[in-house]
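Just below is one structure, and these are the notes that go with it.
Residues: numbered from 1 along the sequence shown. Read the numbers this way: they start at 1 and go in the same order the structure lists the ligands and their atoms.
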Amino acid sequence: MQVQVVQTSPFEGQRPGTSGLRKKVRVFQQPRYLENFVQSTFDAVQPPSGATIVVGGDGRFFNREAMQSIIRLSAANGIGRLIIGRGGILSTPAVSNQIRTRGAFGGFILSASHNPAGPDEDFGIKYNMANGGPAPEPVTERIHACTMRISEYRTTDTPDVELDRTGRLSVGAMEIEIVDPVADYAACMERLFDFDKIRALFQSGFKMRFDAMNAVTGPYAIEILEARLGAAEGTVVRGIPLADFGGAHPDPNLVHAHSLVEEMFGAGAPDLGAASDGDGDRNMILGRGTYVGPGDSLAILAAHAALVPGYSSGLKGVARSMVTSGAVDRVADAFGIEHYSTPTGWKFFGNLLDAGLISLCGEESFGTGSDHVREKDGLWAVLFWLNILAASGESVLSIQRSHWRRFGRNYFTRHDYEGLSSAMAEQIIGAVTKQIQNPAPDLRLQRAFEFDYTDPVDRTKSSGQGYCFHFDEQARVVFRLSGTGTEGATLRAYIERYEPPEGELDLDPQAALATLIHCSRALAGMDRLGISLPSTIT
Ligand code: VG1
Ligand code: CO
């Protein structure tokens with residue numbers, strides 16, 4: 001069955017380079033809107049007849065409707081087999097794992113990640129490739145181009161498929177396999193980490209709290225932490241995925257996971273605290289009375305990789321997004337391995353991982369991952385920490401402190417100015433660009449430039465990936481506009497300063513960075529534009 005499409009591209013208002021669509025649910029509910037994206041994706045990636053495609057989502061509002069529509073379009077587009085998580089559920093890293101282990105041609109992930117869910121909130125869809133990773137820019141540009149010239153889509157006239165029971169069924173000639181969303185992922189984790197050691201740690205009385213934020217990681221964390229590793233029942237809180245995430249904002253950071261933060265800094269705090277986001281690819285790590293910033297977390301995982309079975313033979317190299325603190329670079333230098341710095345977004349790590357250039361990578365936005373899949377992986381990072389704690393017998397705080405004493409500390413903070421009008425965002429970018437072209441002498445800048453990236457593997461160029469201001473080798477401010485918001489513009493200011501091992505290592509980052517924070521506002525002309533304090537500080 002063919003249906004005429006007469007509408008503008010669903011990408012309208014979004015940068016063509018972004019990995020997928022992220023919009024308000026009401027936008028997705030428009031007739032033919034989602035279908036336009038799905039058909040355009042098939043047109044752009046041309047799955048061979050009989051191909052296998054994985055489909056999973058974080059369970060948010062509109063997940064099931066979108067799933068049914070993808071099933072119909074897949075059947076009409078000659079897909080041979082769909083692998084779907086039971087209830088339409090698969091975390092983002094679990095989709096990546098399914099694509100890889102089942103040799104699928106690609107997959108759809110239904111999620112708007114850490115953005116809130118519900119009828120008035122956000123929905124999203126993105127396409128991942130056969131390596132399990134987000135489509136790279138040339139492919140997303142092709143998808144975008146197809147959405148502009150599409151005139152019809154192919155679908156079937158079949159009833160909804162029952163998603164809540166594992167098993168096999170079919171729609172026309174297409175087979176559907178409804179799989180347990182957790183089993184294969186948990187098996188992957190068992191291969192990487194020393195489950196016996198972690199089990200012994202929990203048996204010795206070690207306590208942890210995992211906040212799944214009413215989102216997709218709940219079933220994964222309950223099965224792996226409580227059922228397989230023996231953590232006390234109730235270790236996982238907010239463990240049932242809800243269609244509106246219980247009204248919460250499932251972004252694991254100091255602001256949105258505040259109840260976890262309070263518990264970890266309060267009396268009788270457990271030994272380890274962790275949280276994950278809507279689709280399970282982010283993580284936040286806390287110890288008793290301490291918080292581990294994502295840049296430090298990546299560096300600490302790299303420094304202790306020898307303790308973890310899946311990584312004990314050594315790291316090939318490491319990567320971070322450019323805006324992430326340089327803490328991991330220092331570990332790489334000490335180990336004599338390569339370190340890379342990429343534009344923001346996981347897709348840039350894919351080529352490095354595929355080419356075997358790196359084993360670990362991460363972003364300051366609470367994303368950490370490795371070559372086991374091609375997405376960041378929240379629970380994986382938590383298990384990595386558990387493995388380190390179990391193998392070393394140390395606390396989170398002592399690991400963090402000795403890391404700083406050995407490598408020094410990269411003080412880091414991100415200041416987000418959310419909900420700006422596009423006119424305001426333009427003015428800020430105008431001010432910042434002017435400073436790059438003609439820096440004010442009183443700021444004593446060493447170097448000001450826009451970050452351009454050439455992929456070391458396929459030489460693809462990505463320009464304009466951030467406005468960088470280096471005050472000296474050890475201090476910098478970087479600005480970029482968010483590409484994932486659905487309301488107004490968000491400016492992110494990334495502020496960092498290195499303190500050597502013999503310096504002051506225990507300061508509060510906001511205090512340690514006060515001068516640079518001031519400079520960041522001056523560079524962007526914030527006071528002149530009447531922009532008050534940032535809306536989120538992490
Ligand atoms: C944000 C983060 C970025 C991350 C992206 C997707 O993008 O800053 O590091 O890769 O979200 O993460 P932006 O353009 O808003 O800064 V997820 O967990 O939403 O897939
Ligand atoms: Co996410």
Side-chain angles (χ1 to χ4, degrees), residues 14-15 17-23 56-60 90-96 109-117 122-128 133-135 140 212-213 215-217 220 241 245 249-253 256-257 275-284 294-295 298 319-325 341-350 361-369 373-381 412 414-420 425 451 462 464-467 478-494 534-536 538:
Q14 204 171 315
R15 281 192 297 123
T18 44
S19 296
L21 277 180
R22 215 175 268 196
K23 299 276 187 190
D58 61 11
R60 68 175 64 221
L90 277 173
S91 74
T92 290
V95 171
S96 188
I109 299 181
L110 308 181
S111 169
S113 189
H114 53 287
N115 295 14
D122 293 354
F123 190 76
I125 178 168
K126 72 171 179 178
Y127 182 75
N128 279 27
T140 57
M213 304 189 88
V216 81
T217 335
Y220 295 84
F245 300 147
H249 192 153
D251 199 354
N253 61 35
H256 296 299
S276 195
D277 72 331
D279 61 330
D281 58 0
R282 296 187 177 203
N283 75 93
M284 175 170 67
L298 174 63
R320 61 174 169 92
S321 64
M322 178 275 290
V323 297
T324 301
S325 92
S341 100
T342 62
T344 293
W346 209 259
K347 61 188 169 196
F348 294 100
F349 295 135
C361 46
E363 296 189 281
E364 49 59 49
S365 53
F366 300 84
T368 332
V373 289
R374 293 295 179 273
E375 288 279 3
K376 52 189 182 268
D377 190 342
L379 199 48
W380 167 89
F412 179 89
R414 187 176 97 182
H415 285 204
D416 291 339
Y417 295 85
E418 292 155 316
L420 301 171
F451 177 58
S462 309
Q465 298 291 328
Y467 304 88
V478 180
F479 299 97
R480 57 178 283 282
L481 287 175
S482 156
T484 58
T486 56
E487 256 174 56
T490 294
L491 178 84
R492 305 201 196 283
Y494 306 84
S535 40
T536 307
T538 51

Output the list of atoms in ligand 1 that are nearer than 4.0 Å to some heavy atom of [X], sorted by atom number.
X	value
T344	3 (C), 9 (O)
R414	8 (O)
R492	8 (O), 13 (P), 15 (O), 16 (O)
G483	13 (P), 14 (O), 15 (O)
R480	13 (P), 14 (O), 16 (O)
D277	18 (O)

Exercise. Is a salt bridge present between E375 and K126, judged by a nitrogen-to-oxygen distance below 4.0 Å?
Worked result: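 Salt bridge flag = yes for K126 with E375.
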Exercise. Backbone N or O of P116 within a donor-acceptor pair of the R60 side chain at under 3.5 Å?
Worked result: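 Flag set: sc R60 to bb P116 pair under 3.5 Å.
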Using distance alone, decide if ligand 1 has a nitrogen or oxygen within less than 3.5 Å of any nitrogen or oxygen in [X].
X	answer
Y494	no
L481	no
S482	yes
E363	yes
D279	no

For this session: Measure the distances from the heavy atoms of G345 to every atom of ligand 1 and state whether one is below 4.0 angstrom.
Result: yes
A side-chain contact here means heavy atoms from C-beta on lying under 4.5 Å apart; do [X] and [Y] qualify?
X	Y	answer
D279	S91	no
P343	F451	yes
W380	T368	yes
T538	F366	yes

Test of understanding: given a 4.0 Å heavy-atom threshold, classify the contact between [X] and ligand 1 as side chain, backbone, both, or neither.
X	result
R22	side chain
S365	side chain
N115	neither
K347	neither

Exercise. Under 30°, 30 to 60°, or over 60°: which ring-plane class applies to Y494 and F412, parallel, tilted or perpendicular?
Worked result: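 Rings of Y494 and F412: tilted, 30 to 60°.
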Exercise. Which heavy atom in L298 sits nearest to a heavy atom in G362, and how many Å separate them?
Worked result: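 It is CD2-N, 3.6 Å.
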For this session: Return the minimal non-hydrogen interatomic distance between M322 and V478, and the atom names on each side.
Result: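 Looks like CE-CG1, 3.9 Å.
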For this session: From the options E364, E375, K376, K126, select the one whose nearest heavy atom is closest to atom 6 (C) of ligand 1.
Result: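 It is K376 that holds the nearest heavy atom.
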Exercise. Who gets closest to atom 17 (V) of ligand 1 by heavy atom: G20, A112, S113?
Worked result: S113
Exercise. Which N, O or S atom name in D279 marks its closest approach to the Co ion (ligand 2)?
Worked result: OD1
Problem set entry | N, O or S atom within D277 nearest to the Co ion (ligand 2), by name | OD2
Measuring from [X]:[atom1] to [Y]:[atom2], what's the distance to the nearest 0.5 Å?
X	Y	atom1	atom2	result
Q465	F348	CD	CZ	5.0 Å
T536	D416	OG1	CG	5.5 Å
E363	T324	CD	OG1	6.0 Å

For this session: Angle at the Co ion (ligand 2): provide the value between OD1 of D281 and OG of S113, rounding to 10 degrees.
Result: 170°
Problem set entry | Residues S482, T490; criterion side-chain hydrogen bond (donor to acceptor under 3.5 Å, both in side chains); working and verdict | CA-CA 5 Å; S482 156; T490 294; 4.9 Å; no
